[in-house]
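Notes follow once the structure below has been shown.
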Amino acid sequence: DIETAIKLSFICLQCLFGYETNVMLVINNKGVGALFRLIQFLIIAYVAVYVCWVQRAYQDTDSVISSVSTKVKGNILTNSSAAGVHVWDVPEYVIPPQGENTFFVLTNVIPTLGQRQSKCPEVRWNTSICFCESDSDCKEGYSEVHGNGVQTGRCVQYSDTIKTCEVQAWCPLENDTVIPKPALLGAAEDFTVLIKNNVQYPKFKFRKRNILHHINSTYLKNCTFDRKTDPHCPIFRLGDMVTEAGEDFSVMALKGGIIGIFIDWNCDLDFPERFCIPKYSFSRLDNKNPENNVAPGYNFRFAKYYKTNESTETRTLIKAFGIRFDVIVFGMAGKFNIVPTIVNLGATLSFLSLVTAVCDWVMLTCMKDRDLYAKHKFIHLNQNGDSVPLVS
Amino acid sequence: DIETAIKLSFICLQCLFGYETNVMLVINNKGVGALFRLIQFLIIAYVAVYVCWVQRAYQDTDSVISSVSTKVKGNILTNSSAAGVHVWDVPEYVIPPQGENTFFVLTNVIPTLGQRQSKCPEVRWNTSICFCESDSDCKEGYSEVHGNGVQTGRCVQYSDTIKTCEVQAWCPLENDTVIPKPALLGAAEDFTVLIKNNVQYPKFKFRKRNILHHINSTYLKNCTFDRKTDPHCPIFRLGDMVTEAGEDFSVMALKGGIIGIFIDWNCDLDFPERFCIPKYSFSRLDNKNPENNVAPGYNFRFAKYYKTNESTETRTLIKAFGIRFDVIVFGMAGKFNIVPTIVNLGATLSFLSLVTAVCDWVMLTCMKDRDLYAKHKFIHLNQNGDSVPLVS
Amino acid sequence: DIETAIKLSFICLQCLFGYETNVMLVINNKGVGALFRLIQFLIIAYVAVYVCWVQRAYQDTDSVISSVSTKVKGNILTNSSAAGVHVWDVPEYVIPPQGENTFFVLTNVIPTLGQRQSKCPEVRWNTSICFCESDSDCKEGYSEVHGNGVQTGRCVQYSDTIKTCEVQAWCPLENDTVIPKPALLGAAEDFTVLIKNNVQYPKFKFRKRNILHHINSTYLKNCTFDRKTDPHCPIFRLGDMVTEAGEDFSVMALKGGIIGIFIDWNCDLDFPERFCIPKYSFSRLDNKNPENNVAPGYNFRFAKYYKTNESTETRTLIKAFGIRFDVIVFGMAGKFNIVPTIVNLGATLSFLSLVTAVCDWVMLTCMKDRDLYAKHKFIHLNQNGDSVPLVS
């Protein structure tokens, strides 16, 4: 009937606007009170100092997107008995001429001139297993993994005393047993490289480059990066980078290696843009661990092809040792965002409810008035509907 | 006055050290009690098993930074009617000679020898629309997108029966309609590649390389990667990688393709460093979907330039088909950190307060003693200041 | 004894199955009740709308792994007084012939023909400090940073009026003071590039490529990307990309530059796979800021080496200006996961407990019946064990 409906609506409204709040027991025990306030303080201090200040957990983050271009400068004059006087300039020693995030500087060279497709005895310096006594020791069409060509099946005189299998290959074969020492282009440590780096954090629509606003052309033309005096100059001396990586350039130049140029763009974008500056560091990326030094250093072979007449192609094979510089850009930007803030605050807040649990446990087990406290904290309801204390 | 001030200070102190705790109603109802404990147990079990163990949500994470270098080994002898006997070695079939995270192995070749700048009739194999009947069909200076050069405006005899527009181009033009089959360098599947990979997690100051500590030089000289017998050998046979990617090398060698070499460095750095080892996997990255196979496979053109005399430059154009291997290094490292731990524990803890809400609802609606429970749980305060139960 | 043991077990069981619930005070104050419901509503609305809908905080995320290959098409005819009629095709103007995530298109050229190792006077166009009056002004073996070679120590006649230090270098030296204007290959804006991009999200085992399922071969052969009419065509006209980046192709072609091709693969993987489509955008990555325009634009030098006879090597040095296109693939995929859902919901839930704190404060300080409320909310326990109200 209507009366019940009205009554129900009334109850419902009461429900909606009636405010429920916990009934609290207040005890004047200084010990538990102090413990309670102390833990509360610790949690709030942790949130304020560690989460907010140190870890910046109130920030949304984004990873850096980067674009790098490099330009090496310098010339070297070498004077070897074989090749005579030769000046090396950038197009000759930077291979390939343009790299994306990486550039390679030649420091040592084993050239093999005038190679052409023909047959010649396999050389003995690469492997100890290429000797032969008769044609039956050689296998036509067989290509050894560490060999220089494909065997023709004949066993031929390599020197007066030694016979080796003949191979079809680019002859004459390379002899890379003796590495020039000191390195042919050891003076490359004086070369400089200009590194231009543009970064962006797409989530925050933030863009910046490593040539900072206050750097002018005059300064850029003459500066060289120095951690103390010129920390923002984007021009680096190769020798300085290798030294900072803890290596000796003249040693590294012999067999080559890989140097990482790390550009750290970690930024707090809640601060003004001018505080977001790159930090450079350098370290060697390949391992010079002597225990398992398979293919130590860094080298590769390439060839320059010539035709002196229409039909025959010859080439100069170059085994190039050198230092590969990998420009590795990394970083995270953070900016205030409501979601991580609420998640982190909320999660820590919920620990405040644990405090009550801890203090209750202390109050109900360690205090001398524990029975009194329990009697007032707990209202026990037995099956008869009477409320009685558990421990009387 | 002073008395009030003292009284106020006293109240304030009482406030600070007085401990407030909830007054609880304890009911001896096994159903609700069991439900309460069950839900509590489920939540705690979820936190322990899933969040902590499976998802490792107590860890801070960092993305991998990687440096890769590769070295291919192997020789092939080809004997074609056009080019004769030819041995291909690494500097010839790996293009460019050094890549950063990628290396390309030539498997098939369409060479066009002796090209020089001149005029010749456009070839009919590329497009069906290059026929002409008179000069008026050709447009001087027009360069067709799929054509080989720039039209001179003349219509010339291409063969006895066909006339095409004349183009200024590197002549003779390339004929790439017939792809050598089987692939010229199909034997490239026996080549091996050594992949050196250095990784670091800068946040955790962790560095490692894929040549593990226990691998010595002797092993490295002879091993080949095998998922079962040699899972840590960093030397891969090209054919094995293509097979693992679910492809047939001899088919893929015809038109080329892209194979991804995935190195997974996902690591739990709470464990000792030796458990952090790379996992290799391989898959084809380009699509061999026959529905929209525009530019199927992978190929590019490059040229070798010659000068047989001072003035004229000729070139050999090479359409290079081959397999590009992309070394893709990925991974996340996790390490215990207090912030994600607290966030995850805290967030889950707050669900424990939901348990009470659920059990209260059960208690107050489904139990036969619900009125009795409600009477003791709720103290109703009406406007007169008397506390009365809602349902009497 | 046994009786105590039984009693203790009983208490323990009671503990386990006894259900504890807060005793609540219900007050019929419409103000506080409305405030309470309003804040609760706001928090729940925030969770529903912002956290779940806008920020998709219920999702686990993964970063994109990408593989890119590119293919440029187009021919240009140039007619310069020095080099005569010349047609440029892809192998000539795309350097290197294959890039990984990047490709470079030549737009302007300063060639220096017939260089060979010899001695010549340093040129005056590079630096103003290379003049000399006598041999004592030149230093044998000295290599100036911005110079072209290594000084021999002699001061020689450069022109009728000027003397400069002689250098050992690749002579004749390059003269790069006058950049061809308009750019030699300015017509490169009509070239097109096909970009094939495969992405995967390894955590979700999701793979896709930018050539979508519904694109067929016929369409692909003729389409060009257009933001309005063809937003899914993976073939881009160079000029269109430069225009979208807000630059003028003919100006940029003069000195070169870097254009970023951004492919955004942000995807909500809770939706069907077909909704995950790439979004393209373009912007200039290098800076054309005139304040510190050191090495403006983008250029590099490379050389083609020739041997016209067995002994002498000559080369053509090419200073190549052009546009480097960096294909930058980025994106995050999200998919429902229970852990972030619980963390985010849980953290927000714990704010609901704050609501009570706020409403309690309002109730106990702002309401006219505050003393009455406090009397019923708080049960004060003094040292004598009697419960008395604080404020009587």
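Just so it is clear: chains get the letters A, B, ... in the order the sequence lines come, proteins before strands, and each one is counted from 1.
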### Query
Is the shortest heavy-atom distance from the side chain of A/Ile261 to the side chain of A/Phe103 under 4.5 Å?
yes
## Note on the structure
Note: vs chain B, highest number of non-hydrogen pairs under 4.5 angstrom among A/Gly149, A/Ser118, A/Gly260, A/Ala169 is A/Gly149
### Query
Hey, are the side chains of A/Ile318 and A/Lys304 touching, using non-hydrogen atoms and a 4.5 Å cut-off?
yes
### Query
Given that the side chain runs from C-beta out, which part of A/Leu35 has a heavy atom under 4.5 Å from chain B: side chain, backbone, both or neither?
neither
### Summary
If one checks every heavy atom of A/Met332 against chain B at 4.5 Å, the contacting part turns out to be neither
### Query
What part of A/Asp360 gets closer than 4.5 Å to chain B, counting heavy atoms only: side chain, backbone, both or neither?
both
#### Entry: Side chain, backbone, both or neither of A/Ile258 within contact of chain B (heavy atoms, under 4.5 Å)
side chain
#### Entry: Partner chain A: residue of B/Ile95, B/Val68, B/Leu113, B/Thr192 with the largest heavy-atom pair count (under 4.5 Å)
B/Val68
### Query
Which bit of A/Gln117 is near chain B, if near means a heavy-atom gap under 4.5 Å: side chain, backbone, both or neither?
side chain
#### Entry: Engaged part of B/Pro202 at the chain A interface, taking heavy atoms whose separation is under 4.5 Å
side chain
### Message
Any heavy-atom pair between the side chains of A/Val167 and A/Leu173 that's under 4.5 Å?
### Response
yes
#### Entry: Neighbour count >12 (heavy atoms, 6.0 Å) for atom NZ, A/Lys319
yes
### Query
Which residue out of A/Trp170, A/Phe262, A/Phe36 racks up the most heavy-atom pairs below 4.5 Å with chain B?
A/Trp170
### Task
May I ask you to test the A/Phe302-B/Val94 pair for a side-chain heavy-atom distance under 4.5 Å?
no
### Query
Would you say B/Asp62 and B/Asp60 make side-chain contact, with heavy atoms under 4.5 Å?
no
#### Entry: Portion of A/Asn101 that has a non-hydrogen atom of chain B nearer than 4.5 angstrom
both
#### Entry: Heavy-atom proximity to chain A below 4.5 Å, by part of B/Ile65
side chain
### Task
Name the option with the most non-hydrogen atom pairs under 4.5 Å to chain A; the candidates are B/Thr316, B/Ile338, B/Asn197.
B/Ile338
### Message
Using a strict threshold of under 4.0 Å (side-chain N to carboxylate O), is an ion pair present between A/Asp286 and B/Lys196?
### Response
no
### Part of A/Tyr306 within contact of chain B (heavy atom distance under 4.5 Å)
backbone
### Query
Does a side-chain heavy-atom distance below 4.5 Å link B/Phe206 with B/Val64?
no
#### Entry: Side chain proximity check, B/Gln200 to B/Asn198, heavy atoms < 4.5 angstrom
no
